[in-house]
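One structure is given below, encoded as structure tokens.
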Amino acid sequence: MSTPAEPAPSIAARARGLGSARRGTGAWRAERLSAIALVPLTLWLVASLVGLGAADRAAFIGWLGRPLNAFLTILLLMAAFRHTALGLQVVIEDYVHSASRLPLLIATHLLCYAICVAGILATLSIVFAR
């Protein structure tokens, strides 16, 4: 006796993003969400820096030391470096076809997160040093 063949995946299963690799949609969504978050955060930063004009270092430190500005700066750093890590991951996955692919992915993510943490620590040191 032969066993019945498994039915073909339904259209709904294919529409959920469960392609042949069964992954990828999470990273795609995260990249889009970080891009959406970056729009207002970047506009806020540009407007704030234009408002500061030719202020000196002490004025900038005073501005960054305010809780709302520090919080939004930290959010901007997190969104920017997450978006960068995801974008570089896509580039590496698409264009690197050798054994160096995995080490490059790991190094890229570690570097992005290390720079993000350094920026957050620098921001917090300004906030709490006041």
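Just so it is clear, the structure is predicted and the values come from calculations on it, not from any experiment. All values below were derived from every heavy atom in this structure, side-chain atoms included, with hydrogens, water molecules and symmetry-related copies excluded.
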Passes side-chain contact (heavy atoms from CB on, under 4.5 Å), Gln89 versus Thr108? Steps please.
CA-CA 8 Å; Gln89 176 180 337; Thr108 300; over 6 Å; no

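- No continuous path of hydrophobic side-chain contacts links Val39 to Ile36 [ILVMFWY only; heavy atoms under 4.5 Å].
- Taken from OG in Ser48 to CG in Leu43, the straight-line distance is 10.5 Å, to the nearest 0.5 Å.
- Taking CG from Leu33 and CG from Leu86, the interatomic distance works out to 10.5 Å, rounded to the nearest 0.5 Å.
- In the displayed structure, Tyr113 atom OH is contacted under 6.0 Å by more than 12 heavy atoms of other residues, nucleotides or ligands.
- The shortest non-hydrogen separation linking Ala79 to Leu41 is CB-CD1, 4.4 Å.
- Here the CG-CG distance, from Leu45 to Leu38, works out to 11.0 Å after rounding to the nearest 0.5 Å.
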Derivation and outcome, side-chain contact (heavy atoms from CB on, under 4.5 Å), residues Val46 and Leu49
CA-CA 5 Å; Val46 169; Leu49 293 178; 6.0 Å; no

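- Taking the side chain as every heavy atom from C-beta outward, Ser125 and Val127 never approach each other to under 4.5 Å.
- Taking both residues in full, the closest heavy atoms of Leu64 and Ala70 are given as O-CB, 3.5 Å, listed atom of the first, atom of the second, then distance.
- Qualifying side-chain contact (heavy atoms from CB on, under 4.5 Å) partners for Asp94, counting only residues two or more places apart in sequence or in other chains: Val90.
- The side-chain heavy atoms of Trp44 and Asn69, taken from C-beta on, include a pair separated by under 4.5 Å.
- In this structure, the side chains of Leu88 and Leu104 stay at 4.5 Å or more apart for every pair of heavy atoms.
- The heavy-atom pair separating Thr84 from Cys112 by the smallest distance is CG2-SG, 3.8 Å.
- No donor-acceptor distance shorter than 3.5 angstrom exists from the side chain of His83 to the backbone of Ser34, with no hydrogens or angles considered.
- Among Leu124, Val117, Thr123, the single residue meeting the side chain to side chain contact (heavy atoms under 4.5 Å, CB included) criterion with Ile120 is Leu124.
- By the ring pair (Phe, Tyr, Trp, His ring centres under 6.0 Å) test, Phe60 is found to be paired with Trp63, residues two or more places apart in sequence or in another chain being considered.
- For Trp28, there are no side-chain hydrogen bond (donor to acceptor under 3.5 Å, both in side chains) partners, not counting sequence neighbours.
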